[in-house]
Peer 1: 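Starting off with a structure, shown below.
Numbers restart at 1 for each chain; the letters A, B, ... are given by sequence-line order, proteins then strands.
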Amino acid sequence: MLLIPCPYCGARDQTEFGYGGEAHRARPTDSDRMSDAQWAHYVFMRKNTKGVFAERWVHAAGCRKWFNALRNTATDEILAVYRMGEPPPGGFTDGLPTPAGEPAIGSGNDGSTVALGAFDPGAGGDRP
Amino acid sequence: MSTDPRRRSPLAHRQPIGTADTLHLSELPFWGLLSVRGDPVAVGLAVREVLGIDLPGAVKATAGAGGVTALWQSPDEWLLVTEPGREGEVQARLTDALAGRHHQLVDLSDYDTIITVAGPAARAALAKLIALDLHPRALAAGQAVSTLLAKATVRLWLVQDGEAGPAFRLIVRRSHADYVWCLLADAGRQWGLPPQEPIGRVPLDIGA
Ligand SMILES: [Zn+2]
């Protein structure tokens with residue numbers, strides 16, 4: 001169970017919060033010109049970061065405000081919380097790939113690269 | 001607010017249980033509850049003008065004057081708790097004072113009810129159901145906080161604390177009220193509270 005520091009209420013039990021997934025995903029402004037594959041990429045594809053990850057939380061049973069957090073997904077350590085609309089604070093690095101220090105390849109660190117290959121959603125056309 | 005004589009409180013089928021020298025539960029029906037939202041400065045000016053209250057600006061803080069208490073809910077939201085029957089008058093005066101300012105003012109009196117949990121064992125009984133730290137250093141008399149009690153969202157308000165033990169008010173949703181009541185009775189078994197049958201198993205007289 002995580003103890004999550006709400007920026008407005010202080011540290012509270014994880015049961016009071018809802019999870020909002022990856023933060024800082026801007027909705028495309030030219031969706032009428034996007035291919036189905038590009039739209040699907042925006043709607044469904046998320047990073048699967050092992051390490052420092054920016055994500056959204058809502059303090060559902062408390063102040064009911066949304067906010068952003070930087071969490072190390074390998075250790076569950078919450079490194080920072082900041083308000084919606086603010087950029088993520090810098091200065092946080094992953095450190096070891098995991099507490100056990102296993103190699104990047106095959107450990108999930110390369111998951112999104114493997115899944116997407118060379119596909120660039122901005123280049124147009126369908127995924128190879 | 002309703003003035004219909006058939007108005008029925010969410011826990012009208014319950015009687016107070018327990019004793020004041022250990023643990024005591026009762027409902028405070030029909031208290032006025034107004035949610036006010038908006039810019040803290042603009043809303044704060046109106047509330048000070050109408051009620052003489054400086055809106056609390058931080059988590060857990062409350063402020064009261066003249067029988068009305070403002071509970072901090074979020075950086076732009078407060079819950080005004082009034083004695084029964086006063087919410088309409090307070091709402092009307094606040095509406096006038098807030099005219100032309102962006103705000104939201106909603107009467108929630110029929111949406112929630114209040115359960116009092118009082119007596120020397122009140123803190124220990126609530127600690128069985130609430131994960132939050134209830135020690136006086138974390139929640140002092142006059143403070144209030146929104147949290148979870150088992151699966152229900154509640155506003156927990158410690159009205160006073162002293163020789164007779166703490167007196168809490170739990171502001172709970174109408175549809176959660178009986179669930180919370182039964183859980184509190186269970187939590188109080190060791191201090192002599194009688195078991196309470198959940199509402200679905202109680203013949204409910206809904207009146208004519
Ligand atoms: Zn909060």
Side-chain angles (χ1 to χ4, degrees), chain A residues 1-27 29 52-92 99, chain B residues 33 35-40 43 55-62 70-79 104 106 108 111-112 126-135 137-140 143-158 170-173 175-176 179-180 183:
Chain A
M1 192 67 72
L2 300 180
L3 204 57
I4 299 176
C6 170
Y8 308 102
C9 302
R12 297 290 185 88
D13 196 283
Q14 183 184 347
T15 52
E16 294 190 7
F17 294 84
Y19 185 62
E22 185 182 338
H24 308 298
R25 288 186 58 82
R27 185 185 174 105
T29 53
V52 179
F53 184 58
E55 59 192 14
R56 301 177 302 163
W57 288 89
V58 59
H59 192 186
C63 62
R64 304 198 300 273
K65 292 290 183 198
W66 284 90
F67 59 93
N68 295 313
L70 287 184
R71 179 172 61 96
N72 186 328
T73 59
T75 62
D76 260 350
E77 184 183 8
I78 294 177
L79 303 162
V81 292
Y82 52 104
R83 298 179 181 203
M84 296 314 259
E86 291 181 352
F92 297 101
Chain B
L33 301 166
S35 168
V36 59
R37 300 194 65 175
D39 174 71
V43 173
L55 280 181
V59 64
K60 296 183 184 176
T62 71
L71 277 53
W72 184 94
Q73 300 291 289
S74 90
D76 59 6
E77 181 179 359
W78 297 265
L79 186 71
Q104 183 187 67
V106 184
L108 301 178
Y111 184 45
D112 296 71
L126 285 169
K128 295 184 185 184
L129 300 164
I130 293 177
L132 211 66
D133 187 0
L134 298 180
H135 191 279
R137 73 176 164 246
L139 190 71
Q143 289 191 313
V145 64
S146 301
T147 187
L148 283 175
L149 184 149
K151 293 285 188 182
T153 49
V154 299
R155 287 106 159 189
L156 177 70
W157 178 14
L158 179 53
L170 281 170
I171 303 172
V172 297
R173 303 268 186 267
S175 56
H176 294 169
Y179 167 77
V180 170
L183 282 173

Peer 1: I'd like a table of the N/O donor-acceptor pairs between chain B and chain A - cut-off under 3.5 Å, distance only.
Peer 2:
{"unit_1": "D76(B)", "atom_1": "OD1", "unit_2": "K65(A)", "atom_2": "NZ", "d": "3.0"}
{"unit_1": "D76(B)", "atom_1": "OD2", "unit_2": "K65(A)", "atom_2": "NZ", "d": "3.0"}
{"unit_1": "E77(B)", "atom_1": "OE1", "unit_2": "R64(A)", "atom_2": "NH2", "d": "3.0"}
{"unit_1": "E77(B)", "atom_1": "OE2", "unit_2": "R64(A)", "atom_2": "NH2", "d": "2.9"}
{"unit_1": "S146(B)", "atom_1": "O", "unit_2": "R12(A)", "atom_2": "NH1", "d": "3.1"}
{"unit_1": "T147(B)", "atom_1": "N", "unit_2": "A61(A)", "atom_2": "O", "d": "3.4"}
{"unit_1": "T147(B)", "atom_1": "OG1", "unit_2": "E16(A)", "atom_2": "OE2", "d": "2.5"}

Peer 1: Which answer fits L148(B), side chain, backbone, both or neither, if we ask what part of it has an atom under 4.5 Å from a heavy atom of chain A?
Peer 2: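 Its backbone and side chain both get close to chain A.
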
Peer 1: Please determine, among G10(A), C6(A), A61(A), the option with the most heavy-atom pairs under 4.5 Å with chain B.
Peer 2: A61(A)

